[in-house]
Amino acid sequence: MPFLEFKNVDYSYESGDDEYIQALKSVSLSVERGEFVALVGCNGSGKSTLARLCNGLLVPDGGSVTVDGKSTEDKDLFEIRKKIGVVFQNPDNQMVTTVVEDDVAFGPENLGLPPDEIRARVDWALSCVGMSEYATSGPFRLSGGQKQRVAIAGVLAIKPELMILDEATGMLDPDGRAEVLDVVMRLHREEGMAVVMITHFMEEAALADRIVILDKGRIVADGGRELFSTPEVFDRAGLDVPMPVKLATMLKARGLDVGSPLYTDEFVDGTLAALKAAGADKSDEPIAACDAENVPDARSIIDVKELSYTYSPKTPFATQALFGVDLDIREGDLFGIIGGTGAGKSTLVSHFNALTRVGKRCGTVVVDGMDLSARKLDLKRLRSTVGMVFQYPEHQLFDDTVEKDVKFGPKNLGLSAEEQTERARQAIELVGLDYTTIKDRSPFELSGGQKRRVALAGVIAMKPQILVLDEPTAGLDPRGKRAVMELVKNIRSVCPTVVMISHNMDEIAEYCNRIAVMQKGRVVGVYSPRELFGDRAALEAAGSVRLPLATEIAMRLYEGGAPVDPTALTADELADSIAKAVENA
């Protein structure tokens with residue numbers, strides 16, 4: 001008998017006016033004890049619905065869900081929830097106490113474990129996710145990534161037989177994601193814990209025993225790692241394949257067969273062998289790399305000097321988040337801010353439109369000539385100059401219709417009704433939505449990707465000179481990520497300066513012209529993409545920053561003797577460089 005079994009499961013959500021949206025359609029799926037399954041699919045494909053059906057948070061409209069032979073429609077779900085732990089995408093939904101270690105202890109306490117066992121489990125779980133030093137902190141004082149680690153620790157502490165991770169690593173920095181995956185893999189291997197990992201990171205999916213692809217509420221593929229040898233299956237579902245598979249496909253189209261690699265090591269070995277067979281030897285001549293666009297002569301539009309900030313000062317919960325930060329952002333920059341979870345990134349940008357005020361003798365922030373440490377500050381002018389889109393932009397939605405929501409900013413600027421409507425129309429169309437068909441819909445009935453676009457439109461409608469984006473693509477599928485980043489490029493016709501926080505080094509490398517690296521509340525350097533990712537010394541100084549996948553592979557090929565550009569930032573650049581090496585052989 002399978003440990004978890006779905007039989008012909010249907011589930012629909014009510015959308016108002018007696019209308020329903022079917023999220024799952026005749027889904028049949030089984031997970032054996034100790035199995036590791038990756039569940040992948042676009043936003044809106046039904047993945048999170050499936051996760052909530054696993055432990056009885058939802059019950060199917062049709063069909064059945066059983067856990068270890070017990071139906072989730074039974075009234076007593078205690079035994080099921082002891083065996084299945086779910087980590088959701090948004091950690092705020094899982095926080096229940098005011099102290100981190102109490103939050104992690106919540107599950108073991110409800111299992112009725114003795115105090116000594118609870119203490120041991122809490123310490124172990126926090127250690128697993130690298131959060132031991134925050135045991136006595138308030139969870140709501142933590143960054144988004146730190147909260148997610150605590151949420152994962154809370155599920156680890158109950159030691160479930162099956163752990164479901166619903167995009168649980170999406171808000172973590174690369175190091176944090178690697179640490180969590182290491183913990184999950186270790187529990188899977190050493191303790192036989194079954195895992196269902198819902199993810200958009202194909203490199204994570206490649207670690208699983210099985211890959212299940214969900215598209216529009218139906219399972220369209222279910223198989224082992226051999227599924228990656230048919231990239232068209234993933235493409236039809238709006239998904240990417242792991243970088244090595246993508247690169248191998250691109251090279252094959254350019255006439256170079258490097259085999260069918262799934263992992264980076266396999267790709268590097270196969271490519272080095274193929275280049276050697278083609279007679280492409282390492283060149284002693286330096287490889288010139290064209291740098292990203294820069295704007296060295298532009299004026300400074302955000303100038304930060306000696307900025308420090310402490311949360312809850314003069315209380316037992318006092319936490320210093322920024323330490324003497326200096327930063328210069330220029331007009332026309334697409335400026336990236338990167339760093340590990342809790343580095344102070346969100347705290348820093350919250351100063352740019354005075355959501356967090358500059359304290360006395362805590363430095364200065366000057367935005368477009370406005371000193372934000374001044375006692376009398378024109379907030380209306382400032383917030384029409386700086387637009388802010390938060391980590392979960394859909395949380396910024398609040399009004400009855402999309403049009404009213406997008407009009408809210410222009411209305412507060414005192415614009416006429418006609419101008420408000422025109423601004424809303426322009427902004428909605430700029431983010432790729434049809435104004436006529438969507439303007440009267442409730443923003444809460446839209447898909448996740450549509451909500452994010454509407455939230456962006458609400459900020460764009462104010463036509464700020466500076467747009468600040470905090471993790472704009474977190475939680476989106478590959479197609480959604482590309483769409484948002486293309487939107488960011490288009491938005492610059494309205495908002496010429498963009499500041500973007502991201503843990504996605506591939507996006508940072510491809511789109512940003514300057515990058516600030518933060519560590520423990522300090523800016524340790526500002527670089528162009530190639531200065532940062534093409535220089536090991538700069539990377540070591542930056543600490544937790546990891547290379548974009550294409551650059552990591554390019555460096556390994558170059559160090560292995562291939563005459564390729566070790567500073568290639570994207571898959572296209574690397575594939576072109578490898579193909580050129582063959583041509584020049």
Side-chain angles (χ1 to χ4, degrees), residues 38-48 89 165-174 177 181 197-208 211-221 225 227-250 253 261-264 267 391-394 431-432 447-453 456 469 471-490 500 502-512 546-553 569-575:
L39 181 64
V40 298
C42 279
N43 294 112
S45 61
K47 304 184 303 299
S48 294
Q89 193 171 12
L165 300 162
D166 186 2
E167 292 288 348
T169 63
M171 295 303 298
L172 298 180
D173 58 71
R177 194 158 61 241
L181 285 174
M197 177 175 285
I198 298 172
T199 183
H200 291 138
F201 295 102
M202 290 301 109
E203 288 71 22
E204 292 181 0
L207 299 172
I211 297 95
V212 177
I213 303 176
L214 201 60
D215 187 25
K216 297 175 183 174
R218 297 183 186 275
I219 292 176
V220 296
R225 297 183 181 98
L227 274 181
F228 289 116
S229 63
T230 53
E232 61 274 11
V233 174
F234 292 83
D235 186 60
R236 283 197 298 269
L239 300 169
D240 281 337
V241 290
M243 180 69 77
V245 178
K246 182 178 182 179
L247 282 167
T249 304
M250 295 169 74
L262 179 55
Y263 304 108
T264 297
F267 177 82
Q391 279 183 346
Y392 300 102
E394 44 272 36
V431 299
S447 70
Q450 288 174 321
K451 287 178 181 178
R452 194 158 296 202
R453 288 172 184 248
L456 272 169
L469 303 170
E471 293 285 354
T473 64
L476 294 181
D477 58 64
R479 188 176 290 174
K481 288 180 180 180
R482 287 191 293 271
V484 167
M485 292 313 300
E486 287 304 308
L487 281 177
V488 170
K489 288 170 65 176
N490 295 337
M500 181 173 76
S502 181
H503 289 314
N504 189 318
M505 296 302 106
D506 299 287
E507 290 172 357
I508 288 287
E510 183 173 357
Y511 293 98
C512 294
R546 294 196 172 197
L547 287 169
L549 283 171
T551 311
E552 179 183 343
I553 293 171
L569 296 174
T570 65
D572 284 328
E573 284 186 8
L574 179 54

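These figures come from a predicted structure and were not determined experimentally. Numbering starts at 1 and runs along the sequence shown.
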**OP:** Given side-chain contact (heavy atoms from CB on, under 4.5 Å), test Ile213 with Arg236 step by step and report yes or no.
**Re:** CA-CA 10 Å; Ile213 303 176; Arg236 283 197 298 269; over 6 Å; no

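- Listed by chain and residue number, nothing satisfies the side-chain hydrogen bond (donor to acceptor under 3.5 Å, both in side chains) test with Asp506 (two or more places apart in sequence, or in another chain).
- The two residues Phe228 and Leu262 have their closest heavy-atom pair at CD1-CD1, 3.4 Å.
- Atom OG1 of Thr551 sits about 11.0 Å away from atom CE of Met505, to the nearest 0.5 Å.
- Listed by chain and residue number, nothing satisfies the side-chain hydrogen bond (donor to acceptor under 3.5 Å, both in side chains) test with Arg479 (two or more places apart in sequence, or in another chain).
- Between the CD1 atom of Ile198 and the OG atom of Ser45 there is a distance of 8.5 Å, given to the nearest 0.5 Å.
- Residues in residues 39-48 take part in no salt bridge (charged side-chain N to carboxylate O under 4.0 Å, His left out) pair, two or more places apart or across chains.
- With values rounded to the nearest 0.5 angstrom, Leu39 atom CG is found 11.0 Å from Ile211 atom CD1.
- The minimum heavy-atom distance linking Glu204 with Thr199 is given by the pair OE1-OG1, 2.8 Å.
- Arg225 contributes a side-chain N or O that, together with a main-chain N or O of Ala208, makes up a donor-acceptor pair within less than 3.5 Å.
- Atoms CG and CZ, on Leu549 and Phe267 in that order, are 11.5 Å from each other to the nearest 0.5 Å.
- For Asp572, the side-chain contact (heavy atoms from CB on, under 4.5 Å) partners two or more places apart in sequence, or in a different chain, are Met250, Thr570.
- The list of salt bridge (charged side-chain N to carboxylate O under 4.0 Å, His left out) pairs with a residue in residues 211-220, not counting sequence neighbours, is empty.
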Original post:
Is there a side chain to side chain donor-acceptor pair (under 3.5 Å) between Glu507 and Thr473 once you walk through the steps?
Top reply: CA-CA 9 Å; Glu507 290 172 357; Thr473 64; 3.0 Å; yes

Return a table of donor-acceptor pairs under 3.5 angstrom between the side chains of residues 237-249 and protein atoms on other chains or two or more places apart.
from, atom 1, to, atom 2, distance (Å)
Asp240, OD1, Arg482, NH1, 3.1
Asp240, OD2, Arg482, NH1, 3.2
Thr249, OG1, Val245, O, 2.9

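- Note that OH of Tyr511 is 9.0 Å distant from CE of Met500, once rounded to the nearest 0.5 Å.
- Annotation: the span from Glu486 atom CD to Lys489 atom NZ amounts to 4.0 Å, rounded to 0.5 Å.
- A cation-pi contact links Lys481 to Phe201, judged by a cut-off of 6.0 Å to the six-membered ring centre and 45° from its axis.
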